[in-house]
*Asks:* 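If you scroll down you'll find the structure; I have some questions about it.
Model, not experiment: these values are computed from the prediction. Both backbone and side-chain heavy atoms feed into the values below; hydrogens, waters and symmetry mates do not.
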Amino acid sequence: MPVASLAAGAVLLLAGCAGAPEAKSEAAEPDARFPVSVDNCDHDVVVESAPERVVTLNQGATEVVLALGLGDRLAGTAYLDDAISERWAAEYEKVPVLAEEYPTHEAVLEAEPDLVYASYASAFDKGVAGDRSALAGSGTASYLSPFGCPEEDQRPDPTFDAVWQELHDVAALLGEPDRSQSVVAEQRETLDAVSEEAAGAGLTALWYDSGDKTPLVGGGLSGPQLILDAVGAENMFEDVQRGWGEGSWEDVLAVDPDVIVLADASWSSAAEKRAYLEKDPVLSELTAVQEGAFVTVAYSESTPGVRMVDGAAAVAGQLADLGLQG
């Protein structure tokens, strides 16, 4: 081969090598959403990446995750107060139920959670999920509804805004902060409509939770009060400075409330309470009992949580149907 041809071939070979792309090892792009840190009941909850296996203990926590549209993250759930909202029932059916009430510690660990979320501090007892600091030490984050903080001074005042802050916290921890924004916007619109309608204006209400010889009633510091305020009704036991507390039938008879709100829970149904009032020879003489002025609300819609606005809407709708005049 002529020297010129060899030179030309060498030039082409070098040119081909120079144009070849260099192999590069590209590092994964950092996720701008993480880490997330939330101050929760005096615990600093830190999540470095999106939790993929969430265990929820208590219905309130379960329904927050479902409301955010993140049911596919649920690796296990437990402890219902009543039925899951129809909106999320189909998604809930796909979630492993660890126990009818609280699962054992072993059952929680077997679900391999990277986040445990509960509504009540009892979920973090030794025999259930376990101590929160110990969970964090083993790499499992935890979040407790602020309304369930073990110390009273750690809990927020019961307001709809505080309920919505819990949704924002959980959405942020799960890496989907925009989802809580849309849920809260929809709930604000519903609550504004309920307040504007004021279906309970001028009416006095007894919120009857459970009990017979002594009634457990909705007091002035939690969901029942917020719902009655939203519909414009007066809570006859507003001065009970608790969410729920003991009332007295003597006071009920003296006030003779216009309407009786019956909490419907698995351990004390609305039907059982109504039957008790209608059968009792004295309480059956109450005007509300005589006129059938009863309103039923699911227990899960009467506690601070993602369904409390639904509770306000349900109470408002039933009051409107009753057509009571304050």
Side-chain angles (χ1 to χ4, degrees), residues 36 38 40-41 43 45-150 163 166-167 169-176 179-180 264-269 298-307:
V36 172
V38 173
N40 173 234
C41 301
H43 283 263
V45 184
V46 180
V47 173
E48 300 290 346
S49 60
E52 296 295 337
R53 296 187 61 79
V54 181
V55 166
T56 52
L57 303 175
N58 309 118
Q59 183 167 342
T62 302
E63 291 190 321
V64 166
V65 177
L66 293 173
L68 293 172
L70 297 171
D72 59 339
R73 306 272 191 94
L74 290 172
T77 185
Y79 219 140
L80 298 184
D81 297 315
D82 47 47
I84 291 287
S85 171
E86 290 183 3
R87 287 171 293 174
W88 313 310
E91 191 66 22
Y92 173 77
E93 290 299 320
K94 303 174 187 177
V95 182
V97 176
L98 305 182
E100 184 175 339
E101 294 186 357
Y102 279 142
T104 63
H105 184 61
E106 291 72 23
V108 174
L109 294 181
E110 285 173 7
E112 299 180 338
D114 44 21
L115 174 67
V116 178
Y117 170 28
S119 299
Y120 303 107
S122 53
F124 294 104
D125 287 348
K126 183 177 179 181
V128 190
D131 179 76
R132 296 185 66 189
S133 296
L135 284 171
S138 65
T140 301
S142 65
Y143 183 86
L144 174 60
S145 169
F147 297 103
C149 289
V163 168
E166 179 176 343
L167 265 68
D169 285 351
V170 175
L173 289 170
L174 294 176
E176 299 290 346
R179 298 202 179 204
S180 62
D264 196 21
S266 58
W267 61 86
S268 179
S269 72
Y299 181 80
S300 54
E301 294 181 350
S302 68
T303 58
V306 72
R307 287 178 62 187

*Asks:* Could you tell me which residues satisfy side-chain contact (heavy atoms from CB on, under 4.5 Å) with S133, sequence neighbours excluded, listed by chain and number?
*Replies:* H43, D131

*Asks:* Is a side-chain N or O of R179 found less than 3.5 angstrom from the main chain of A171, in a donor-acceptor match?
*Replies:* no

*Asks:* Between A129 and V116, what is the shortest heavy-atom contact and its length?
*Replies:* CB-CG1, 4.0 Å

*Asks:* Would V163 and F147 count as a side-chain contact (heavy atoms from CB on, under 4.5 Å) here? Give the steps.
*Replies:* CA-CA 9 Å; V163 168; F147 297 103; 3.9 Å; yes

*Asks:* Determine the minimum heavy-atom distance between N40 and S142, stating which atoms define it.
*Replies:* OD1-O, 4.4 Å

*Asks:* How would you list all residue pairs meeting side chain to side chain donor-acceptor pair (under 3.5 Å) that involve residues 106-120, not counting sequence neighbours?
*Replies:* Y117-E166

*Asks:* Taking only residues two or more places apart in sequence, or in another chain, which ones meet R53 in a salt bridge (charged side-chain N to carboxylate O under 4.0 Å, His left out)?
*Replies:* none

*Asks:* Mind checking whether D82 and D264 have side chains closer than 4.5 Å, heavy atoms only?
*Replies:* no

*Asks:* Hey, does D125 have a side-chain heavy atom less than 4.5 Å from the side chain of Y102?
*Replies:* no

*Asks:* For K94, give me all partners under salt bridge (charged side-chain N to carboxylate O under 4.0 Å, His left out), at least two apart in sequence or on another chain.
*Replies:* E91

*Asks:* How far apart are the closest heavy atoms of L66 and G71, and which atoms are they?
*Replies:* CD2-CA, 3.9 Å

*Asks:* So P150 and L144, do their side chains get closer than 4.5 Å, heavy atoms only?
*Replies:* yes

*Asks:* Quiz question: by atom type and distance under 3.5 Å, do the side chains of D81 and S300 form a donor-acceptor pair?
*Replies:* no

*Asks:* Which is it for L174 and L115 under the side-chain contact (heavy atoms from CB on, under 4.5 Å) test, yes or no, and what are the steps along the way?
*Replies:* CA-CA 9 Å; L174 294 176; L115 174 67; 3.9 Å; yes

*Asks:* Considering residues at least two apart in sequence or located in another chain, which fulfil the salt bridge (charged side-chain N to carboxylate O under 4.0 Å, His left out) criterion with E63?
*Replies:* R307

*Asks:* Just verifying a value: how many Å separate E101 CD and L57 CG, rounded to the nearest 0.5 Å?
*Replies:* 12.5 Å

*Asks:* Who pairs with Y143 by side-chain hydrogen bond (donor to acceptor under 3.5 Å, both in side chains), at least two apart in sequence or on another chain?
*Replies:* D169

*Asks:* Does a side-chain heavy-atom distance below 4.5 Å link T77 with L98?
*Replies:* no

*Asks:* List the steps and the verdict of side-chain contact (heavy atoms from CB on, under 4.5 Å) for E176 and L70.
*Replies:* CA-CA 9 Å; E176 299 290 346; L70 297 171; 4.0 Å; yes

*Asks:* Pick from V306, V95, T62: which one makes a side chain to side chain contact (heavy atoms under 4.5 Å, CB included) with W88?
*Replies:* V306

*Asks:* Is it true that a side-chain atom of R132 and a backbone atom of F124 form a donor plus acceptor pair closer than 3.5 Å?
*Replies:* no

